[in-house]
Asker: 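Pasting in a structure now, in structure tokens, and then I'll have a few things to ask.
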There are 2 protein chains.
Amino acid sequence: MDLVKTARALASDKRVRILSWLKDPAAHFPPQADGDLVEDGVCVVLIAEKLGVSQPTATEHLKILAEAGFVRARRLKQWTFYRRDEAAIAGIKQGIAREL
Amino acid sequence: MDLVKTARALASDKRVRILSWLKDPAAHFPPQADGDLVEDGVCVVLIAEKLGVSQPTATEHLKILAEAGFVRARRLKQWTFYRRDEAAIAGIKQGIAREL
DNA sequence: TAGGGATATAGGAAAATCCCTATATGGATC
DNA sequence: GATCCATATAGGGATTTTCCTATATCCCTA
């Protein structure tokens with residue numbers, strides 16, 4: 001586990017909020033026409049709107065979270081849905097507990 | 001616990017290395033004339049040298065670690081010694097496990 | 001295959017971080 | 001009190017991060 005890379009991903013209020021929202025997507029986002037909020041994840045546009053940033057900025061934040069292992073992207077039709085990777089996050093927590 | 005502040009403190013290779021060295025100061029630093037490495041902590045100059053940065057830069061890194069709760073400063077004579085705050089770090093680990 | 005919607009990439013401006021030198025401060029000692 | 005050593009603070013340059021607009025790409029649908 002790369003502790004610095006993990007920490008950098010969490011060193012942003014916006015990224016931490018995304019992670020928090022994705023714990024319970026149905027409580028934080030409206031239903032989607034395609035893609036189940038819980039099963040498939042939340043689409044980039046919804047995250048960008050709730051975050052109050054442009055779509056490219058949201059994409060960039062999600063990319064950083066994905067590269068650190070916190071979330072996974074799933075492409076369905078023309079949308080990309082992001083959801084938490086709970087198994088990876090559990091591993092990250094263990095890694096932090098071990099290395100800190 | 002402020003997750004973003006904690007993450008920012010860890011979002012630097014140099015600060016993570018300091019934290020790691022301070023787990024076992026005697027294994028990483030030479031004996032000090034004043035101040036016990038384990039009891040009192042490690043003086044700023046030794047940390048700056050090992051880190052390969054100037055003294056003010058080391059001071060800045062240590063300040064960031066201290067403000068996030070990872071280390072504590074102890075002033076003895078004209079030296080400032082830094083040591084890990086294990087109780088606080090345990091709390092940080094719990095906080096991360098809870099909030100992530 | 002033409003059109004359109006969603007996402008990704010490119011490029012650049014603004015802000016934050018990192019690290020330096022110079023200097024101020026704090027405290028011990030002569 | 002004068003001096004010296006360790007640390008803290010000030011100020012500034014270089015790099016990185018953040019976020020935007022414009023545009024390219026991907027993929028569905030007509």
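Convention: sequence-line order gives letters A, B, ...; per-chain numbering from 1.
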Asker: Of all the choices, D:dT18, C:dT7, D:dT7, which nucleotide is nearest to the side chain of B:Val45 once you look at every atom?
Answerer: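 Nucleotide nearest to B:Val45's side chain: D:dT7.
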Asker: So which nucleotide from D:dC28, C:dA8, C:dC19 ends up closest to the side chain of A:Gln78?
Answerer: D:dC28
Asker: Taking only side-chain nitrogens and oxygens of A:Ser54, does any of them come within less than 4.0 Å of OP1 or OP2 of D:dC20?
Answerer: yes
Asker: I want to verify a distance call: between D:dT9, D:dC19, D:dT21, whose nearest atom is closest to the B:Lys63 side chain?
Answerer: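 The answer is D:dT9.
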Asker: Round to the nearest Å and state the distance from A:Arg74 atom CZ to C:dA8 atom P.
Answerer: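 So the CZ-P distance, A:Arg74 to C:dA8, works out to 15 Å.
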Asker: Counting only side-chain N and O atoms of A:Tyr82, is one of them less than 4.0 Å from OP1 or OP2 of C:dA6?
Answerer: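 No, because none of the side-chain N or O atoms of A:Tyr82 sits under 4.0 Å from OP1 or OP2 of C:dA6.
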Asker: Take A:Leu76 and A:Val53, find for each the nucleotide of DNA chain D with the closest heavy atom, and name the residue whose nucleotide sits nearer the 5' end.
Answerer: A:Val53
Asker: Looking at D:dT18, I'd like to know if its phosphate oxygens (OP1 or OP2) sit under 4.0 Å from a side-chain N or O belonging to A:Thr57.
Answerer: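 For D:dT18, neither OP1 nor OP2 has a side-chain N or O of A:Thr57 closer than 4.0 Å.
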Asker: Please answer whether the main-chain N or O of B:His61 pairs with a side-chain N or O of B:Lys14 as donor and acceptor at a distance below 3.5 Å.
Answerer: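 No; judged by distance alone, with no hydrogens or angles, the pair does not exist.
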Asker: Would you say CZ of B:Arg17 has more than 12 non-hydrogen atoms from neighbouring residues, nucleotides or ligands within 6.0 angstrom?
Answerer: yes
Asker: Below the 4.0 Å mark, does D:dC26 have OP1 or OP2 next to a side-chain nitrogen or oxygen of A:Lys77?
Answerer: no
Asker: With a 4.0 Å cutoff (strictly under), does any side-chain N or O of B:Arg8 reach OP1 or OP2 of C:dA16?
Answerer: no
Asker: Looking only at heavy atoms, which two atoms of B:Arg74 and B:Arg83 are closest? And how far apart?
Answerer: NH2-NH2, 3.1 Å
Asker: Students often mix this up, so state it plainly: with edges at 30° and 60°, are the rings of A:Trp21 and A:His28 parallel, tilted or perpendicular?
Answerer: tilted
Asker: Quick check on D:dC27: is either OP1 or OP2 less than 4.0 Å from any side-chain nitrogen or oxygen of A:Arg75?
Answerer: no
Asker: Figure out the CD/P separation between B:Glu49 and C:dC19, and round it to whole Å.
Answerer: 17 Å
Asker: Kindly give the heavy-atom pair with the smallest separation between A:Ala7 and B:Ala11, and that separation in Å.
Answerer: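 Closest heavy-atom pair between A:Ala7 and B:Ala11: CB-N, 3.7 Å.
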Asker: Rounded to the Å, how far apart are B:Asp13 CG and D:dT15 P?
Answerer: 18 Å
Asker: Looking at D:dT7, C:dT7, D:dT21, which one has an atom nearest to any side-chain atom of B:Val44?
Answerer: D:dT7
Asker: Within the structure, does a side-chain N or O atom of B:Thr59 lie under 4.0 Å from either OP1 or OP2 of D:dT9?
Answerer: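 Indeed not, no polar side-chain atom of B:Thr59 lies that close.
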Asker: Name the nucleic acid region contacted by B:Phe81, choosing base, sugar-phosphate or nothing; use a 4.0 angstrom heavy-atom cut-off, strictly under.
Answerer: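 Result for B:Phe81 = nothing.
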Asker: In whole angstrom, what separates B:Gln55's CD from C:dT23's P?
Answerer: 15 Å
Asker: Using whole Å, what does the distance between atom P of nucleotide D:dC4 and atom CH2 of B:Trp79 come to?
Answerer: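 So the two atoms are 16 Å apart, to the nearest Å.
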Asker: Starting from P on C:dC19, measure out to CG on B:Leu62 and report it in whole angstrom.
Answerer: 13 Å
Asker: Whole Å only: how far is the CD atom of A:Glu60 from the C1' atom of C:dA6?
Answerer: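 Whole-Å distance recorded here is 18 Å.
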Asker: D:dA30 pairs with which nucleotide, Watson-Crick or G-U wobble, both distances below 3.5 Å?
Answerer: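 With both distances under 3.5 Å, D:dA30 matches C:dT1.
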Asker: Roughly, in whole Å, what's the span from CD1 in B:Ile64 to P in C:dC19?
Answerer: 9 Å
Asker: For D:dC19 and A:His61 - does any side-chain N or O of the residue sit under 4.0 Å from the phosphate oxygens OP1/OP2?
Answerer: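 So the side chain of A:His61 is within the cut-off, an N or O lying under 4.0 Å from OP1 or OP2 of D:dC19.
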